[in-house]
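Worksheet: the structure to be examined is printed underneath.
For clarity, every value in this text was computed on a predicted model and none was experimentally measured. Because only heavy atoms are used, hydrogens play no part in the values below, and waters and symmetry mates are left out as well, while side chains stay in. First the proteins, then the strands, lettered A, B, ... as listed; each starts at 1.
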Number of protein chains: 2
Amino acid sequence: MSVTHTDVPMTLKVTDDCPVRDVLDRVGDKWSVLIVVLLGRRTHRFGELHRAIEGISQRMLTLTLRALVRDGLVTRTAHATVPPRVDYELTEMGRTLLVPLSALDEWANAHRDDIRAARERHDRGTTA
Amino acid sequence: MSVTHTDVPMTLKVTDDCPVRDVLDRVGDKWSVLIVVLLGRRTHRFGELHRAIEGISQRMLTLTLRALVRDGLVTRTAHATVPPRVDYELTEMGRTLLVPLSALDEWANAHRDDIRAARERHDRGTTA
DNA sequence: CGGGATCCTAAGCGATACTG
DNA sequence: CAGTATCGCTTAGGATCCCG
């Protein structure tokens with residue numbers, strides 16, 4: 001595959017208030033993507049996410065979910081049962097985010113080895 | 001526009017070593033995307049990037065470029081002239097990254113207002 | 001069960017000064 | 001011009017304990 005300058009949309013703004021950076025500021029943190037992807041599969045309870053993600057602290061799960069809810073990407077539904085039960089679900093907008101994320105995922109899968117190789121090549125070159 | 005679960009590729013891995021997170025770890029920092037996009041337009045000298053980006057410190061420009069070079073996304077060409085001149089250019093792999101980044105950019109442009117609206121709605125709801 | 005509140009550390013990043 | 005080196009701040013985020 002080859003990508004030339006003209007293949008790439010030149011609509012990307014950069015200097016002043018760059019939209020791409022906006023998304024990354026929102027979703028570029030350590031856990032948001034993971035949560036969005038999991039919720040893309042199905043609705044999850046708090047504890048389910050907590051167990052599914054492996055490594056996330058309760059605190060960060062709460063904070064990240066709260067931010068996602070705030071931005072309208074996720075809905076929070078608290079059931080007044082005992083013990084309490086809270087369901088998190090992607091909104092319509094949240095689901096549309098899965099599309100560009102998949103593109104990124106595809107790229108990652110395609111080039112993961114190349115990056116690793118480049119990295120090792122580089123590290124050998126500088127250490128030697 | 002509507003996105004259902006079945007519209008979205010379920011190939012996204014999550015729990016153990018998620019490729020999407022790899023990319024975001026690499027390019028989710030404050031400046032990488034900006035640099036990649038700028039280099040997507042044309043080769044830039046160090047100082048050109050420094051002026052073009054507005055707000056980046058010399059230190060972070062150096063560090064970010066070095067990381068991009070290490071991962072094989074950018075090439076560094078130092079000309080042995082005086083004063084010195086160093087050119088940075090996207091590699092072939094670096095250019096392919098512009099494609100998923102554009103997808104993300106498109107999404108950002110499409111939903112930027114929605115997010116802002118959701119955020120304000122939410123903030124009013126919690127403050128009130 | 002689903003959080004909140006608090007404390008603490010490590011990383012990210014900017015500012016500044018110096019160099020080949 | 002294109003960096004390097006050092007410092008210091010600010011933030012992200014983990015750990016722990018508490019609570020309805």
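The side chain to side chain donor-acceptor pair (under 3.5 Å) search around A:E48 returns A:R42, not counting sequence neighbours. Under the side chain to side chain donor-acceptor pair (under 3.5 Å) criterion, A:R26 pairs with A:D71, sequence neighbours left out. By the side-chain contact (heavy atoms from CB on, under 4.5 Å) test, A:A78 pairs with A:R76, A:V86, sequence neighbours left out. Not counting sequence neighbours, B:R45 has no partner by the salt bridge (Lys or Arg N to Asp or Glu O under 4.0 Å) test. Residues passing the side-chain contact (heavy atoms from CB on, under 4.5 Å) test with B:A118 are B:R121, sequence neighbours excluded. Partners of B:H79 under the side-chain contact (heavy atoms from CB on, under 4.5 Å) rule, at least two apart in sequence or in another chain, are B:T77, B:T81, B:R85, B:D87. Not counting sequence neighbours, the partners of A:D114 by the side-chain contact (heavy atoms from CB on, under 4.5 Å) test are A:H111, B:M93. For A:R59, there are no side chain to side chain donor-acceptor pair (under 3.5 Å) partners at least two apart in sequence or on another chain. With sequence neighbours left out, B:T91 forms a side chain to side chain donor-acceptor pair (under 3.5 Å) with no residue at all.
Note that the first and last nucleotides of DNA chain D, 5' to 3', having any atom under 4.0 angstrom from a heavy atom of chain A are D:dG13 to D:dG20.
A salt bridge is absent between B:D123 and B:R119: the closest approach of a Lys/Arg side-chain nitrogen to an acidic carboxylate oxygen does not fall below 4.0 angstrom.
Bending across the helix from C:dC1-D:dG20 to C:dG20-D:dC1, expressed as the angle between its end axes from five pairs apiece, amounts to 40° (10° rounding).
In this structure, A:D87 places its CG atom 10 Å from P of C:dG3, rounding to the nearest Å. In this structure, CZ of A:R85 is placed 16 Å from C1' of C:dG3, rounded to the nearest angstrom.
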- prompt: Reading nucleotides 4-20 of chain C 5' to 3', which nucleotides get B (base under 4.0 Å from a protein heavy atom), which S (sugar-phosphate only), which -?
  reply: B-B------BBB-B--B
